[in-house]
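Order of the sequence lines fixes the chain letters, A, B, ..., with proteins taken first and strands second; residue numbering starts at 1 for each chain.
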2 protein chains.
Amino acid sequence: MAFHALADATRRGILDRLSRGPASVSELARPYSTSLAAIQQHVQVLEASGLVVTEKRGRTRECRISSEAVERVESWLHERRQLWESRIDRLGKLLEGGEFEGETEPWNSAAGGDHR
Amino acid sequence: MAFHALADATRRGILDRLSRGPASVSELARPYSTSLAAIQQHVQVLEASGLVVTEKRGRTRECRISSEAVERVESWLHERRQLWESRIDRLGKLLEGGEFEGETEPWNSAAGGDHR
DNA sequence: CGGATACTTAAGTAACCGCTTGACTTTTTG
DNA sequence: CAAAAAGTCAAGCGGTTACTTAAGTATCCG
């Protein structure tokens, strides 16, 4: 759900603002020309994703970034990139000095190339 | 555009698969019950976002992850988290030993509290 | 050549998303 | 207390998205 929350430019802008410190909903809305209700909905999405935590104080709502949640998303990406890059490394070592192009590729021969 | 690409579970699954090595479109489609056309469309979205690069080889299309693009997304998150966390640190040092709750908060007094 | 394979394109559709408006609640302030 | 301020809720609307099916293109194999 976090990636969906990050998929919207306005929500990324809100997160950007919150990375510089907590804010109320109206304060978050100020840079935008959209209605307050729209921004509140964005905050709801961000809170549902866990990226932002909020707390009602009087008639205002304090919104803060959740660095733990941001870190979880970061890690998801990091793990996959690491996996891929270490694969590249191993491949590099394997091919050390050996040059060949247009050869059979592992991804192509992996699961039944042509005949079923 | 990258976050939008990551917002879909199937596309994240494809990226997951690709982190373990390149694959053809049909190979990517194999774990799913959806049509090949649907998966191809997902690959198109991933390629448009830059997260995946592809190359046509004969009648198959080789799909690979782009670690540079993944790293860019990772960095975007990292920067914001770092900013927020360093803010927390400064605040922690500022409050060292001093306990106060229910006080005026910076986020509330920041830009015109009540009167317009 | 001819059939099979691997995608590619296009059109149609149901569901979802972001936004608006308007009414309503709660809190603060003069 | 009454009015202003801040946020919440709900309905509705237009655009986008993910999916399907069907037809089309390019490549490979015998």
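Between the CD atom of A:Gln44 and the P atom of C:dC17 there is a distance of 13 Å, given to the nearest Å. Straight-line distance from the CD atom of A:Glu27 to the P atom of D:dA5: 17 Å, rounded to whole Å. Rounded to a whole Å, the CG atom of A:Leu36 is 13 Å from the P atom of D:dC9. Distance, B:His42 NE2 to C:dT8 C1': 16 Å, rounded to whole Å. Between B:Ile39 atom CD1 and C:dT8 atom P the separation is 13 Å, expressed in whole Å. Between the P atom of C:dT27 and the CD atom of A:Glu55 lies a distance of 14 Å, rounded to the nearest Å. With rounding to whole Å, A:Lys56 atom NZ is found 7 Å from C:dT26 atom C1'.
Side-chain contact annotation: A:Thr54 with A:Arg61, donor-acceptor N/O pair under 3.5 Å present.
Using a 4.5 Å heavy-atom cutoff, the side chains of A:Ile65 and B:Leu83 are not in contact.
The A:Thr10 side chain lies nearest to C:dC19 when the options are D:dT8, C:dG18, C:dC19. Between D:dT20, C:dC19, C:dT26, one nucleotide has an atom nearer to the side chain of B:Gln41 than all others, and that is D:dT20. Of the candidate nucleotides C:dT8, D:dT8, C:dC19, C:dC19 has the atom nearest to the side chain of A:Ala38.
By the 4.0 Å N-to-carboxylate-O rule, A:Lys56 lies too far from A:Glu62 to be salt-bridged with it.
Using modelled atom types, no side-chain atom of B:Arg17 and backbone atom of B:Leu28 make a donor-acceptor pair closer than 3.5 Å. Judged purely by atom type and a 3.5 angstrom limit, A:Arg72 has no side-chain atom pairing as donor or acceptor with the backbone of A:Leu51.
When each of A:Asp8 and B:Gln40 is assigned the nucleotide of DNA chain C bearing its nearest heavy atom, the one mapping closer to the 5' terminus is B:Gln40. Each of A:His4 and A:Ser35 was assigned the nucleotide of DNA chain C with the nearest heavy atom; the assignment lying further toward the 5' end belongs to A:His4.
A donor-acceptor contact under 3.5 Å is not formed by the side chain of A:Arg59 with the base of C:dT26.
A close approach under 4.0 Å does not occur between any side-chain nitrogen or oxygen of B:Arg57 and OP1 or OP2 of C:dA6.
Nucleic acid contact for B:Thr34: sugar-phosphate only, since backbone atoms but no base atoms lie under 4.0 Å from a heavy atom of the residue.
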